[in-house]
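Below you'll find the structure, written out as structure tokens, and then a few comments.
FYI, the numbering just counts along the sequence from 1. Only this structure's heavy atoms are used, side chains among them; waters, hydrogens and symmetry mates stay out.
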Amino acid sequence: MGDVFSYETPILSIDEFSIGLLEKDRVDGLLIRCDENGYYNIGIQINDKEVVKVDSAAEDDAMRKIQYWAERVEQVRQQYKSREPQLGPFTDQ
């Protein structure tokens, strides 16, 4: 991607990221998944099939991080706008 900043966290298929309790309707494009231990994974949907996992947080810090990323959804989407979907269901490459 040349001069485009790339997050060190992985790009996952939407199906893989959606395993567990998922909230996706609060902010368009922001996906929040909570696991059975109360740990939150925060992702931004960059196309119809993929999510960039941008952060994770324990329950006591989750709201701060969710707010931070909610304000940056469009910025992250712009960074990946030229990416063609490459992952199918469950990282089927």
Side-chain angles (χ1 to χ4, degrees):
M1 283 199 259
D3 61 344
V4 175
F5 175 76
S6 179
Y7 292 98
E8 292 182 14
T9 54
I11 295 176
L12 307 169
S13 73
I14 189 91
D15 293 331
E16 185 177 8
F17 190 85
S18 297
I19 297 171
L21 300 174
L22 178 71
E23 178 182 318
K24 63 180 183 176
D25 296 328
R26 186 181 300 186
V27 175
D28 184 42
L30 185 68
L31 305 176
I32 304 156
R33 187 185 74 196
C34 182
D35 68 16
E36 65 277 355
N37 299 316
Y39 204 73
Y40 292 81
N41 288 306
I42 303 166
I44 295 177
Q45 188 171 356
I46 56 173
N47 57 47
D48 291 342
K49 297 181 179 181
E50 297 175 323
V51 176
V52 175
K53 180 183 168 202
V54 292
D55 215 334
S56 47
E59 188 173 3
D60 61 341
D61 198 28
M63 290 310 295
R64 181 185 65 82
K65 289 187 175 187
I66 290 167
Q67 180 62 40
Y68 175 86
W69 289 108
E71 296 170 359
R72 288 159 180 79
V73 169
E74 284 308 314
Q75 177 185 354
V76 172
R77 284 180 160 178
Q78 284 298 312
Q79 292 171 349
Y80 288 94
K81 70 180 178 186
S82 63
R83 178 184 169 85
E84 291 292 323
Q86 299 172 9
L87 300 176
F90 298 101
T91 64
D92 185 34
Q93 298 183 26

(request) Please report the closest heavy-atom contact between Ala57 and Ala62, naming both atoms and the distance. (result) CB-CA, 3.8 Å

(request) Please identify each residue that fulfils salt bridge (charged side-chain N to carboxylate O under 4.0 Å, His left out) with Glu74, with sequence neighbours left out. (result) Arg77

(request) Drop me the distance from Leu30's CG to Gln45's CD, to the nearest 0.5 angstrom. (result) 10.5 Å

(message) Could you work out, with side-chain hydrogen bond (donor to acceptor under 3.5 Å, both in side chains) as the rule, every residue matching Asn47, not counting sequence neighbours?
(response) Glu50

(message) Checking Tyr68 now: which residues fulfil side-chain contact (heavy atoms from CB on, under 4.5 Å) with it, not counting sequence neighbours?
(response) Arg72

(message) Please find the pair of heavy atoms, one from Glu59 and one from Tyr40, that lie closest to each other, and give the distance.
(response) CA-CE1, 3.8 Å

(message) Other residues, nucleotides and ligands only: do more than 12 of their heavy atoms fall within 6.0 Å of CG on Asp48?
(response) no

(message) Among residues at least two apart in sequence or on other chains, which ones pass side-chain hydrogen bond (donor to acceptor under 3.5 Å, both in side chains) with Gln67?
(response) Glu71

(request) May I ask you to check whether over 12 heavy atoms, not counting those of Asp61, lie within 6.0 Å of atom CG? (result) yes

(request) Compare all side-chain heavy atoms of Ile32 with those of Trp69 and state whether any distance is below 4.5 angstrom. (result) no

(request) Going by the side-chain contact (heavy atoms from CB on, under 4.5 Å) test, name the single residue among Val52, Ile66, Leu31, Val51 that passes it with Ile42. (result) Ile66

(request) Not counting sequence neighbours, which residues clear side-chain contact (heavy atoms from CB on, under 4.5 Å) with Arg26? List them please. (result) Glu23, Met63

(message) Tell me the closest heavy-atom pair linking Phe17 and Asn41, and the distance in Å.
(response) CZ-O, 3.7 Å

(message) Between Tyr80 and Ile11, is the side chain to side chain contact (heavy atoms under 4.5 Å, CB included) condition met? List the steps.
(response) CA-CA 11 Å; Tyr80 288 94; Ile11 295 176; 3.8 Å; yes

(message) Has Asp35 got a side-chain atom pairing as donor or acceptor with Asn37's backbone, closer than 3.5 angstrom?
(response) yes

